Amino acid sequence: MKFTIMINEGPYQHQSADSALQYCRAILAQGHEIFRVFFYHDGVNNGSSLSVPPGDDRLIQKEWSELSKEHDLDLVICIAAAQRRGLMDADEAKRQGFDSNNMIEGFRISGLGQLIEGGIESDRTVVFGD
Amino acid sequence: MKFTIMINEGPYQHQSADSALQYCRAILAQGHEIFRVFFYHDGVNNGSSLSVPPGDDRLIQKEWSELSKEHDLDLVICIAAAQRRGLMDADEAKRQGFDSNNMIEGFRISGLGQLIEGGIESDRTVVFGD
Amino acid sequence: MATKKFMFVNRKAPYGTVYALESLEVVLISAAFEQDVSLAFIDDGVYQITKGQNTDGIGQKNFSNTYKALGDYEIKKLYVSKESLEERGLTQDDLMDLVWEDEDDDWAEKPSIIMVDRSEMAAVMAEQEVTLSF
Amino acid sequence: MATKKFMFVNRKAPYGTVYALESLEVVLISAAFEQDVSLAFIDDGVYQITKGQNTDGIGQKNFSNTYKALGDYEIKKLYVSKESLEERGLTQDDLMDLVWEDEDDDWAEKPSIIMVDRSEMAAVMAEQEVTLSF
Amino acid sequence: MAMLHIVNKSPFEKVSFRSCLNHVSKGDSVLMIEDAAVGALEGTSFSDKLKTAMGDVSVYVLGGDLAARGLSEDRMIDGIKSVDYAGFVDLTVENETTQSWL
Amino acid sequence: MAMLHIVNKSPFEKVSFRSCLNHVSKGDSVLMIEDAAVGALEGTSFSDKLKTAMGDVSVYVLGGDLAARGLSEDRMIDGIKSVDYAGFVDLTVENETTQSWL
């Protein structure tokens with residue numbers, strides 16, 4: 001069965017990013033397919049490359065990044081939400097004239113249509129938020 | 001009268017950053033003093049330099065930055081909260097071995113003691129959050 | 001592409017959080033995919049479509065007029081919870097006059113707001129294939 | 001530096017949001033400033049100090065033991081709302097046994113948890129000089 | 001010492017406003033900001049609770065937040081005063097302490 | 001079509017859980033995750049409301065979230081089933097649709 005997941009909150013502040021991560025792992029463990037994970041609102045901050053939590057804490061952004069690599073996941077960050085919150089990849093940073101960028105490997109930036117497409121193409125759409 | 005303000009939420013997602021900004025402007029307009037503004041939890045994201053909201057929307061991070069310049073405000077970002085969320089200035093980025101940094105001018109990074117000190121040294125401490 | 005029944009559930013007041021605004025951005029995009037779109041306004045979500053919103057005092061953009069454009073995008077099923085209005089001391093008169101134009105009826109303006117009680121809202125929700133909450 | 005009455009108000013459950021954890025980090029730092037510190041646990045904040053917390057299933061660090069260290073930092077006034085416990089089907093037996101050692105009484109262990117009803121909690125809150133909420 | 005209690009969440013959505021009213025002291029003030037502004041209206045499922053509290057405390061609303069949500073001041077419970085941000089600062093100064101009900 | 005309703009907020013803090021129960025259809029399922037897990041307990045100010053709903057819907061709780069908050073499963077309302085994340089996925093598969101009550 002094919003799933004699309006939407007995540008509305010950033011890492012740490014709310015549990016939704018943790019819950020969604022565990023849920024995605026369980027989907028994959030059962031042999032189902034994840035069509036797309038769409039990060040919206042503060043959820044875009046799950047794609048930050050600059051987090052350095054205390055050594056005994058989880059690094060949620062890296063866990064997403066590694067899960068993406070391992071299972072070739074399509075992790076999509078909403079561009080409009082990302083621009084509001086200051087999350088950008090190298091291309092977007094260049095386009096905007098910034099020296100720095102802060103998007104971790106394994107994510108890509110795209111538009112809201114990707115969320116609707118996910119809803120259409122998937123058998124189940126599940127939302128995690130506040 | 002001397003004020004310390006704590007802000008617990010990032011820009012856009014919650015109104016608290018907007019409310020705090022308006023409140024700080026009103027404090028200054030009445031001739032009171034702002035001893036410190038302390039950004040905690042997701043509030044650290046108010047210091048992001050990479051935001052590019054739609055042209056007809058406010059840029060909250062820049063408004064803080066400019067208010068700071070104009071009134072020589074002490075805007076302090078909690079280092080522990082900032083590390084969890086991937087917000088860092090150039091020095092911290094260098095120390096952590098990152099090529100990029102994302103803290104806007106007018107803020108500084110420091111520890112939680114700055115919040116307690118603000119509470120002790122100020123006549124009023126006001127919290128904005130979710 | 002297939003056509004599915006999409007519902008956008010709005011439970012939160014505007015301006016206090018960004019959800020109402022960014023939800024509306026998704027709704028507008030969904031129009032381009034020609035899906036069967038419904039919106040639900042329950043609990044504090046009913047404040048999103050009150051008339052007379054004025055944001056001069058809070059430094060945020062007033063986006064309430066965007067709801068008036070939904071009809072032009074063929075988004076014309078806005079289900080509003082009767083009980084939610086009542087609890088908040090509001091009536092339908094407090095809501096914006098949201099309409100769509102029926103091209104099969106000489107472009108007559110027809111109301112987009114559909115007042116429903118809880119059991120009717122539950123029945124509408126039960127029909128949906130994709131439900132997005134913000 | 002002056003000594004002020006600081007109160008940290010905890011109204012939220014742990015793990016669902018970060019506030020409980022990051023509030024505790026502030027409380028620990030406050031100890032270094034030798035202030036007159038009180039904590040209030042009301043509403044869902046009472047879940048922060050339940051005993052037997054086990055976070056194996058949710059991928060987060062269990063930080064509940066940190067509350068047990070508060071006594072060592074001379075933080076020994078933890079006001080817990082009776083009504084909040086009752087509404088949640090809990091009693092004081094469900095809370096961790098939080099204590100401090102009284103050096104003026106041969107280091108006897110004394111309870112840090114002070115059960116109060118609403119009017120008592122209101123009276124404690126009214127005495128504070130700096131109230132931080134998370 | 002009088003305290004300014006700041007509430008920012010709708011009383012129809014979260015329990016924080018009720019919790020605030022359960023913990024105020026006589027002579028305190030309550031200020032509604034952000035989503036809490038909707039609590040100022042007369043004739044709601046919350047208005048009786050607030051009116052009862054108004055025997056002991058003064059209640060204010062940030063007018064800008066009320067207007068943003070399309071609600072006019074003439075629909076407020078009698079006795080609630082509307083203030084702007086300058087008035088918010090004044091309330092903070094007049095009361096010795098503040099508590100935000102997050 | 002049966003729907004899985006996912007609630008993640010404490011019924012003592014926010015209205016979303018009650019709102020969910022007011023909008024379920026017979027044969028639907030309700031899963032409590034994150035802070036909503038505390039709603040599973042017997043003998044609370046919310047338990048009667050949930051037990052009434054259980055005449056029409058099946059109710060589940062994510063066991064890990066219950067345990068994290070120090071609450072043991074033997075204190076749950078009779079008839080609530082504890083699941084892990086694999087069980088969460090199963091519930092999503094068994095029900096044709098999902099709705100998250102944020």
Side-chain angles (χ1 to χ4, degrees), chain A residues 7-14 16-18 39-62 64-65 77-90 92-105 107 109 112 129-130, chain B residues 7-14 16-18 39-62 64-65 77-90 92-105 107 109 112 129-130:
Chain A
I7 300 172
N8 293 346
E9 301 296 329
Y12 305 107
Q13 190 93 339
H14 296 89
S16 39
D18 291 289
F39 296 86
Y40 197 38
H41 307 297
D42 271 4
V44 300
N45 292 323
N46 283 285
S48 165
S49 62
L50 300 177
S51 281
V52 192
D56 60 347
D57 202 353
R58 67 220 187 274
L59 210 179
I60 300 175
Q61 298 92 327
K62 194 161 161 242
W64 280 118
S65 182
I77 287 185
C78 170
I79 185 158
Q83 285 179 336
R84 277 202 183 89
R85 289 151 181 96
L87 202 284
M88 51 178 65
D89 61 12
E92 174 73 6
K94 200 171 169 190
R95 207 170 66 82
Q96 300 279 359
F98 288 110
D99 291 334
S100 290
N101 57 75
N102 60 345
M103 206 173 87
I104 198 168
E105 208 184 331
F107 290 77
I109 286 189
L112 281 168
D130 180 30
Chain B
I7 300 171
N8 294 346
E9 301 295 329
Y12 305 106
Q13 191 93 339
H14 296 89
S16 39
D18 291 287
F39 296 85
Y40 197 39
H41 307 296
D42 270 6
V44 300
N45 291 322
N46 283 286
S48 166
S49 61
L50 300 177
S51 281
V52 192
D56 60 348
D57 202 353
R58 66 218 187 275
L59 209 178
I60 301 175
Q61 298 92 328
K62 194 162 161 240
W64 279 118
S65 182
I77 287 185
C78 169
I79 185 160
Q83 287 180 334
R84 276 201 182 90
R85 286 143 182 106
L87 201 286
M88 51 177 65
D89 62 12
E92 174 73 5
K94 200 172 167 190
R95 209 170 64 82
Q96 300 280 359
F98 288 109
D99 292 334
S100 289
N101 58 75
N102 60 344
M103 206 173 88
I104 198 167
E105 209 183 331
F107 290 77
I109 286 188
L112 281 167
D130 180 30

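Quantities reported herein were computed from a predicted structural model and do not represent experimental measurements.
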Subject >> A:Gln61 versus chain B, the contacting section by heavy-atom distance below 4.5 Å >> reply: side chain

Original post:
Mind checking whether B:Leu87 and A:Leu50 have side chains closer than 4.5 Å, heavy atoms only?
Top reply: no

Original post:
Taking all non-hydrogen atoms of both residues, which atom of B:Gly86 and which atom of A:Ser51 are closest, and how far apart?
Top reply: N-OG, 3.2 Å

**OP:** Side chain from CB out, backbone as N, CA, C, O: work out which of these in A:Gln96 comes under 4.5 Å of a heavy atom of chain B, or both, or neither.
**Re:** side chain

Original post:
Nearest 0.5 Å, what's the OG-CG distance between B:Ser100 and A:Asp99?
Top reply: 8.5 Å

Original post:
At a heavy-atom separation under 4.5 Å, does A:Asn101 approach chain B through its side chain, its backbone, both, or neither?
Top reply: both

**OP:** Return the set of residues passing side chain to side chain contact (heavy atoms under 4.5 Å, CB included) with A:Ala81 (not counting sequence neighbours), or none when no residue passes.
**Re:** A:Tyr40, A:Val44, A:Cys78, A:Arg85, C:Glu22

Subject >> Heavy-atom pair with the smallest gap, counting every atom of A:Val52 and B:Met88 >> reply: CG2-CE, 4.0 Å

Subject >> Enclosure of B:Glu105 CD (heavy-atom neighbours >12, cutoff 6.0 Å) >> reply: no

**OP:** Go through the structure and list residues passing side chain to side chain contact (heavy atoms under 4.5 Å, CB included) with B:Asp57, not counting sequence neighbours.
**Re:** A:Arg84, B:Tyr12, B:Pro53, B:Pro54

Original post:
Which region of A:Asp130, side chain (C-beta onward) or backbone (N, CA, C, O), has a non-hydrogen atom less than 4.5 Å from a non-hydrogen atom of chain B, or is it both or neither?
Top reply: side chain

**OP:** Heavy atoms only, distances under 4.5 angstrom: which of B:Gln13, B:Glu9, B:Gln83 has the most pairs with chain A? Name it, please.
**Re:** B:Gln13

